[in-house]
Amino acid sequence: MNQQREKFSSRLGFILISAGCAIGLGNVWKFPYVTGKYGGAAFVLIYILFLVLLGIPILVTELSVGRASQRSVAMSMDVLEQKGTKWHYFKYFAMAGNYLLMMFYTTVAGWMLYYFIQMASGGFGGLDQDGVANIFGSMLENPALMAGFMIEVVLIGFGICSRGLQKGVEKITKVMMVLLLLLMVVLAVRSAVLEGGEEGLRFYLTPDFSALKENGILEVLFAALGQAFFTLSIGMGAIAIFGSYIDRSRSLTGEAVFITLLDTSVALMSGLIIFPACFAYGINPGAGPSLIFITLPNVFNAMPGGRLWGSLFFLFMCFAALSTVIAVFQNIISFGTDLTNASRKKVVFINLVAIILLSLPCVLGFNLLSGIQPLGAGSTVLDFEDFIVSNNILPLGSVVYVLFCSMKMGWGWDNFMAEANSGKGLRFPKSIRFYIQWILPLVVLFVFVMGYKSLFFS
Ligand code: PFF
């Protein structure tokens with residue numbers, strides 16, 4: 001076993017960095033717009049159900065594989081699998097997923113950075129709703145601008161990672177996460193009492209199941225599944241890597257519950273910030289990926305001290321996005337160092353160039369390549385890349401993790417239980433083996449297959 005592996009300096013570090021990986025654009029950008037698109041509170045209920053019934057156990061399996069193997073997903077199954085089995089091929093699928101995620105994530109993180117700078121420099125001052133929407137529109141039309149911010153995100157992310165696990169990733173992410181959590185609470189309270197926002201709260205908090213029928217229940221389930229897995233970062237080893245940096249003093253179920261609670265509270269608070277604002281300013285909650293960018297500047301414009309609050313908000317959105325970018329970059333760097341003898345510096349450099357190039361299709365998909373609409377009229381390269389990751393790689397990868405941990409021909413249930421339960425804290429219940437090995441994978445596969453059917457064949 002690799003004795004030289006770096007470790008986190010504290011449990012808090014581990015929790016905040018894992019939460020930092022989980023809490024990101026999925027919570028503050030995607031959760032509100034997907035919830036808006038699929039009808040509000042009823043969607044949120046299904047999403048929470050999936051988090052508890054599927055997400056938490058999967059999170060435990062991933063963390064266990066990471067901690068037991070002391071490797072990233074590029075080598076973890078090679079270390080743990082039974083001789084002669086082929087689980088390790090999963091690495092290609094998972095690694096591709098991490099790259100694909102970054103291919104669109106860096107672009108949206110760049111939007112946040114651009115918005116922060118616009119806010120701070122007073123660029124939204126005095127604009128009405130159309131004016132705000134125009135700023136978003138003209139940003140999308142400008143490939144050089146978007147590429148510039150995307151590149152900045154990649155440089156910052158790799159810059160922090162290249163300082164090492166404790167001195168870079170842990171030190172910076174810890175501070176960013178604490179600040180983010182505090183600011184979210186303040187803004188959620190502020191927005192929830194916005195005049196004219198009550199209808200937004202109703203939309204968000206009172207389930208209306210007819211909204212599910214409107215969108216097709218199977219499609220809604222598929223979307224909730226993708227969102228639940230996306231928000232927890234499960235299914236492609238992005239969380240497993242952090243299991244590999246901790247010791248056995250704590251059992252993993254407790255840690256998984258904690259991470260899920262933090263992640264879910266940030267998502268729910270984002271909803272509290274955005275939906276009252278949508279209704280107060282007459283913006284359609286189903287607007288899609290542009291939702292927070294065309295809604296929130298209006299809120300800040302109408303607020304005393306709005307420029308300051310707005311700048312802080314977008315700065316902290318940058319933190320949320322960056323903490324995830326840093327986490328996934330750390331994972332990507334460890335693919336390189338696990339698989340080759342190359343130095344960390346070299347791995348960082350190669351990946352930095354690769355990710356900038358790979359992110360270009362998403363940037364160009366909004367302008368020069370906007371003719372490419374892979375998921376039907378009006379869809380973009382971003383939508384397509386997101387769909388492949390959230391609705392394909394994450395659910396299928398999660399099934400692989402679960403089967404690997406529960407099947408005899410994988411790593412095996414007893415090994416998994418021993419790892420998950422070593423240390424103090426909540427135990428993973430023995431009695432749910434049947435559920436984990438059979439029901440959970442079948443539920444995921446069912447939603448996956450039916451979701452495809454309803455999206456593409458009905
Ligand atoms: N959980 C992250 C977010 O909510 O933004 C996104 C993510 C990170 C998904 C890592 C998947 C992953 F492996």
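Taking the six-membered ring for Trp and the full ring otherwise, the centers of Phe319 and Phe316 sit less than 6.0 Å from each other. Aromatic pair Phe31/Tyr47: ring centres closer than 6.0 Å.
One distance of note links OG of Ser72 with CE of Met95; it measures 7.5 Å at 0.5 Å rounding. Interatomic distance, Leu187 CG to Leu182 CG, rounded to the nearest 0.5 Å: 11.5 Å. Leu45 contributes atom CG, which lies 8.0 Å from atom CG of Leu49 (distance to the nearest 0.5 angstrom).
In terms of the salt bridge (Lys or Arg N to Asp or Glu O under 4.0 Å) criterion, residue partners of Asp386 (sequence neighbours excluded) are, by chain and number, Lys30. Shown here are the side-chain hydrogen bond (donor to acceptor under 3.5 Å, both in side chains) partners of Lys167, two or more places apart in sequence or in another chain: there are none. In this view, Glu170 and Lys174 satisfy the salt bridge (Lys or Arg N to Asp or Glu O under 4.0 Å) rule, not counting sequence neighbours. Every residue was checked against the side-chain hydrogen bond (donor to acceptor under 3.5 Å, both in side chains) condition with Tyr281, not counting sequence neighbours, and none meets it. Contacts of Phe366 classified as side-chain contact (heavy atoms from CB on, under 4.5 Å), with partners at least two apart in sequence or in another chain: Trp111, Leu140, Met146, Cys362, Thr380, Leu382.
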Could you walk me through whether Phe313 and Tyr115 pass the ring pair (Phe, Tyr, Trp, His ring centres under 6.0 Å) check?
CA-CA 10 Å; Phe313 177 81; Tyr115 262 56; over 10 Å; no
Checking side chain to side chain contact (heavy atoms under 4.5 Å, CB included) for the pair Leu212/Ile46: CA distance, chi angles, key distance, verdict?
CA-CA 10 Å; Leu212 297 184; Ile46 301 175; 4.0 Å; yes
Run Tyr452 and Asn391 through side-chain hydrogen bond (donor to acceptor under 3.5 Å, both in side chains) and show every step you take.
CA-CA 9 Å; Tyr452 251 87; Asn391 296 75; over 6 Å; no
As a quick check of understanding, evaluate side chain to side chain contact (heavy atoms under 4.5 Å, CB included) for Ser323 and Ile23, giving each step before the final call.
CA-CA 8 Å; Ser323 63; Ile23 297 170; 5.6 Å; no
So Ile241 and Ser244, side chain to side chain contact (heavy atoms under 4.5 Å, CB included) or not? Walk me through it.
CA-CA 5 Å; Ile241 183 74; Ser244 80; 3.9 Å; yes
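Residue pairs meeting the side-chain hydrogen bond (donor to acceptor under 3.5 Å, both in side chains) criterion with at least one member in residues 254-265, sequence neighbours excluded: Arg11-Glu255, Asn27-Asp263, Thr231-Asp263.
Side-chain contact check for Phe124 versus Met119: some heavy-atom pair is nearer than 4.5 Å. Side-chain atoms of Pro297 and Leu127, non-hydrogen and from C-beta on, never get closer than 4.5 Å to each other. Inter-residue side-chain proximity for Pro285 and Phe279 is flagged as met; some heavy-atom pair is nearer than 4.5 Å. When side chains are defined from C-beta on, Ile292 counts as touching Ile274, because their heavy atoms get closer than 4.5 Å. Using a 4.5 Å cut-off on side-chain heavy atoms (C-beta onward), Asp383 and Phe104 make no contact. No side-chain heavy atom of Phe14 sits less than 4.5 Å from a side-chain heavy atom of Tyr245. Inter-residue side-chain proximity for Ser162 and Lys345 is flagged as unmet; no heavy-atom pair is nearer than 4.5 Å.
Looking at every heavy atom in both residues, Leu180 comes nearest to Met317 through CD1-CE, 4.1 Å.
Put simply, the side chain of Ser233 gets close to the backbone of Cys21: a donor and an acceptor are under 3.5 Å apart. Between the Asn331 side chain and the Ala327 main chain, no donor and acceptor come within less than 3.5 Å of each other. Not one N or O on the side chain of Thr340 forms a donor-acceptor pair closer than 3.5 Å with the backbone of Thr337. For the pair Glu199 (side chain) and Gly196 (backbone), a donor-acceptor distance under 3.5 Å is absent.
Residues Gln227 and Tyr38 have side chains that never bring a donor and an acceptor to within less than 3.5 angstrom of each other.
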